[in-house]
Each structure stands twice: as C-alpha cells, then as structure tokens.
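Residue numbers start from 1 in every chain, and the chains themselves are labelled A, B, ... in the order their sequence lines are given, proteins ahead of strands.
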2 protein chains.
Amino acid sequence: MVVSLAQIRESSGEVFMEGCPTRVVLDHIMSKWGVLVLLALTDGTHRWGELRREVEGISEKMLASTLRTLESDGLVARTSYPEVPPRVEYSLTDLGRELMQHMLPLVEWVARNADTVVARA
Amino acid sequence: MVVSLAQIRESSGEVFMEGCPTRVVLDHIMSKWGVLVLLALTDGTHRWGELRREVEGISEKMLASTLRTLESDGLVARTSYPEVPPRVEYSLTDLGRELMQHMLPLVEWVARNADTVVARA
DNA sequence: CAGCATCCGGGATGATACTG
DNA sequence: CAGTATCATCCCGGATGCTG
C-alpha cells in the first residue's frame with residue numbers, strides 16, 4: 001500500500017514538480033467546478049441543462065469551460081443529437097469512471113467529515 | 001461500495017450544494033496548493049523551509065496562507081520551538097492522516113495516468 | 001529562520017445579451 | 001436547448017520589504 005509521496009515518486013519519477021503533467025491534471029480534476037461536474041456525471045449521463053441545475057451555482061461560462069477541459073482530457077464524453085431543439089448529453093468515459101472510482105472514497109470521507117472540519121473555522 | 005453522488009447524498013443529506021460545508025472543505029483540500037502541501041506532509045514532519053523547497057513554486061504568502069487554513073481545519077499541526085533562530089515544524093494530525101489515506105489512491109492514479117490525460121491537450 | 005503587511009496586476013469568474 | 005460573445009469584477013497570488 002502506498003503511504004507517502006516519496007513512495008509515489010519512487011515508482012512514477014518526477015511527479016508533482018513544477019510544470020509536471022501531474023500538476024496540470026490536478027488543476028483540472030481538483031478544481032472548484034471540476035470535482036462537482038465529475039461528481040454529477042458519476043450518477044450517469046446528463047444533459048447540459050441538467051448539469052446546470054445539478055451543479056448549483058455554476059455559471060454557463062464555467063460549465064462550458066469545465067466540460068471542454070474534461071472532454072479534452074478524455075474524462076468526459078459529449079454526444080450531440082441532430083434534433084430540434086438541440087440535445088446534448090455528457091457522460092463519463094471509461095477513463096473518467098476509473099478516475100471517479102478513486103475519487104469517490106475521498107469525496108465520501110469529505111461528506112462525512114465536513115462538519116467536523118469546518119466547525120473549527 | 002459507493003458508486004454515485006446520489007448514494008452519498010442518501011447517507012449524508014444535502015451535500016455539495018451551495019454554501020454547504022462540503023464545498024468549503026473541498027475548496028481547502030482540493031485547492032492548487034492544499035493538495036501539494038498535504039502531500040508533502042504525508043512523508044512526515046517538515047519544517048517551514050523544507051516545505052517551501054518541497055512544494056516547488058509556492059510563494060511564502062501562499063504557503064503561510066495554506067498552512068493556516070489547513071491548521072484551522074484541524075488537518076495540520078503546527079509546533080513552534082522557542083529557540084533562536086526559530087524552528088517551526090508542521091505535521092499531519094490524525095484527521096489529516098485519515099484524509100490522506102483516502103486521497104493517496106487518487107493521487108497515485110493521477111501520477112500513473114497524467115501523461116495519458118494531458119497528451120490529448 | 002519563520003513569518004506578516006502591503007501593494008498591485010492579471011487571469012479566473014460572474015452577469016448579461018445574443019444566436020443556431 | 002445549448003451554447004457563444006462581451007464586458008465588468010474580483011480576488012488569487014506574486015513581489016517586496018520588514019520584524020521577532
């Protein structure tokens with residue numbers, strides 16, 4: 001079992017140094033909105049409008065930007081149907097599901113301990 | 001096993017809604033520098049100067065600010081020794097270690113898959 | 001050595017209006 | 001409905017200088 005950054009570095013080399021790809025990925029998936037969008041999509045496929053409502057407080061601009069980033073990262077798949085009115089659906093890719101498999105335990109912990117942590121502030 | 005946001009909400013109530021404590025905690029521990037500082041401390045106790053060097057690219061201001069936030073969240077412990085010159089050590093609290101136990105698998109996944117994800121950009 | 005105070009620029013973010 | 005375009009704003013975060 002991995003218990004330290006040193007161990008991760010041993011097996012993966014120069015990770016989390018400045019300019020390292022790991023920093024970029026961290027910025028994408030651990031960003032304010034990135035986590036919440038990924039989390040919403042863990043439930044399954046969602047339409048644009050559904051995401052806008054599910055991820056409370058997100059602006060259209062940030063939703064679009066976040067989705068584009070995650071899509072270009074290969075974590076989210078975008079499917080648009082040539083209908084009128086337009087319908088676009090977003091879902092996790094296999095890679096995205098793999099990611100969430102590792103992120104959900106963390107998120108669950110946060111959900112359980114948030115009150116404990118924040119109460120001190 | 002938890003596989004969706006809905007399941008987390010069922011057991012924990014209104015989480016990840018606007019203004020919810022979970023949002024605040026997420027902002028702290030998933031912030032750009034928060035993750036990296038926590039990660040550095042997973043190796044064990046570190047002095048201020050060590051952290052400054054270990055977390056590449058962080059400014060003094062952000063290191064101080066990040067540490068203060070994490071300390072008030074009860075995730076990081078600060079110990080100052082009344083010596084000249086001053087010596088201050090930071091380490092994870094029990095709560096912090098519990099958190100990292102859940103975050104490390106995610107970080108490890110990122111380290112392994114970062115190149116795959118970023119290559120597309 | 002370990003920080004805090006202050007200033008300040010720019011990118012991140014929000015609000016609004018508009019379009020295919 | 002699903003976005004884009006534009007403009008205004010805010011605050012993150014860097015640089016610098018100082019202190020115990």
Side-chain angles (χ1 to χ4, degrees), chain A residues 16-19 23-38 40-41 44-73 76-91 121, chain B residues 16-20 23-41 44-73 76-91 121:
Chain A
F16 306 111
M17 312 302 272
E18 238 184 325
R23 289 267 184 118
V24 178
V25 176
L26 237 44
D27 276 352
H28 291 184
I29 67 172
M30 315 274 276
S31 71
K32 175 181 176 58
W33 298 119
V35 185
L36 296 172
V37 168
L38 286 169
L41 289 175
T45 299
H46 283 290
R47 301 184 58 172
W48 164 274
E50 291 172 347
L51 285 174
R52 182 132 174 51
R53 267 171 280 117
E54 180 122 7
V55 183
E56 242 181 59
I58 196 170
S59 65
E60 295 188 349
K61 182 179 178 179
M62 288 318 295
L63 179 55
S65 154
T66 302
L67 282 171
R68 255 186 278 115
T69 299
L70 295 177
E71 191 196 349
S72 95
D73 284 345
V76 166
R78 177 185 186 277
T79 313
S80 97
Y81 299 85
E83 306 171 353
V84 177
R87 180 164 58 102
V88 179
E89 295 187 341
Y90 294 90
S91 60
Chain B
F16 306 112
M17 312 302 272
E18 237 183 327
C20 175
R23 289 266 184 121
V24 177
V25 176
L26 236 44
D27 277 353
H28 291 183
I29 67 171
M30 315 271 279
S31 72
K32 177 181 174 60
W33 298 119
V35 185
L36 296 172
V37 168
L38 286 170
L39 215 47
L41 289 176
T45 299
H46 282 291
R47 301 185 56 172
W48 164 274
E50 292 173 347
L51 285 174
R52 181 131 173 53
R53 268 173 277 116
E54 180 124 6
V55 182
E56 242 181 57
I58 196 171
S59 67
E60 295 188 350
K61 180 180 177 178
M62 289 318 296
L63 179 55
S65 152
T66 303
L67 283 172
R68 252 185 283 117
T69 299
L70 294 177
E71 192 196 349
S72 94
D73 284 346
V76 165
R78 177 184 186 280
T79 313
S80 94
Y81 298 86
E83 307 171 354
V84 178
R87 179 164 58 101
V88 180
E89 295 187 342
Y90 294 90
S91 60

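Scored by the side-chain contact (heavy atoms from CB on, under 4.5 Å) test, A/Val55 finds A/Trp33, A/Leu36, A/Val37, A/Ala40, A/Ile58 as partners (sequence neighbours excluded). Under the rule for a side-chain contact (heavy atoms from CB on, under 4.5 Å), the partners of A/Val35 that lie at least two apart in sequence or sit in another chain are A/Met103, B/Leu26, B/Met30. In this structure B/Arg78 satisfies the side-chain contact (heavy atoms from CB on, under 4.5 Å) test together with B/Glu71, B/Ser80, B/Val88, B/Tyr90, sequence neighbours excluded. Listed by chain and number, the residues in a side-chain contact (heavy atoms from CB on, under 4.5 Å) with A/Ser91 are A/Thr45, A/Ala77 (sequence neighbours excluded). With sequence neighbours excluded, no residue forms a salt bridge (charged side-chain N to carboxylate O under 4.0 Å, His left out) with A/Glu50. Judged as a salt bridge (charged side-chain N to carboxylate O under 4.0 Å, His left out), and not counting sequence neighbours, the contacts of A/Glu83 are A/Arg87.
Summarising the geometry, atom NZ belonging to A/Lys32 is positioned 5.0 Å from atom CG belonging to B/Asp27; distances are rounded to the nearest 0.5 Å. To the nearest 0.5 Å, atom CG of residue B/Leu63 and atom CH2 of residue B/Trp48 are 4.0 Å apart. A distance of 11.0 Å separates CG of B/Leu41 from CD of B/Glu89, quoted to the nearest 0.5 Å.
In this structure, A/Leu38 and A/Ile29 have side chains that are in contact, with non-hydrogen atoms separated by less than 4.5 Å.
Closest approach of A/His46 and A/Glu54 over heavy atoms only: CE1-OE1, 3.7 Å. Annotation for B/Met17 and A/Glu56: closest pair CE-OE2, 2.9 Å, computed over non-hydrogen atoms.
Heavy-atom distances under 4.0 Å link DNA chain C to A/Pro86 of residues 80-91 of chain A, given in residue order. Contacts between residues 46-55 of chain A and DNA chain D, defined by a heavy-atom separation under 4.0 Å, are made by A/Arg47, A/Trp48, A/Gly49.
Along DNA chain C, the stretch of nucleotides lying under 4.0 Å from any heavy atom of chain A spans, 5' to 3', C/dT13 to C/dG20.
In the helix from C/dC1-D/dG20 to C/dG20-D/dC1, the terminal helix axes, each the rotation mapping four pairs' C1' atoms onto the next four within five end pairs, subtend 50°, rounded to 10°.
Salt-bridge annotation for B/Glu60 and B/Arg52: present, with a side-chain N of the basic residue lying under 4.0 Å from a carboxylate O of the acidic one.
The backbone N or O of A/Met62 lies less than 3.5 Å from a partner atom in the side chain of A/Thr66, making a donor-acceptor pair.
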Please tabulate the protein-to-nucleotide N/O contacts below 3.5 Å involving nucleotides 13-17 of chain D, giving atom names and distances.
from: D/dG13; atom 1: N7; to: B/Lys61; atom 2: NZ; distance (Å): 3.0
from: D/dG13; atom 1: O6; to: B/Lys61; atom 2: NZ; distance (Å): 3.2
from: D/dG14; atom 1: OP2; to: B/Ser59; atom 2: OG; distance (Å): 2.8
from: D/dG14; atom 1: O6; to: B/Lys61; atom 2: NZ; distance (Å): 2.2

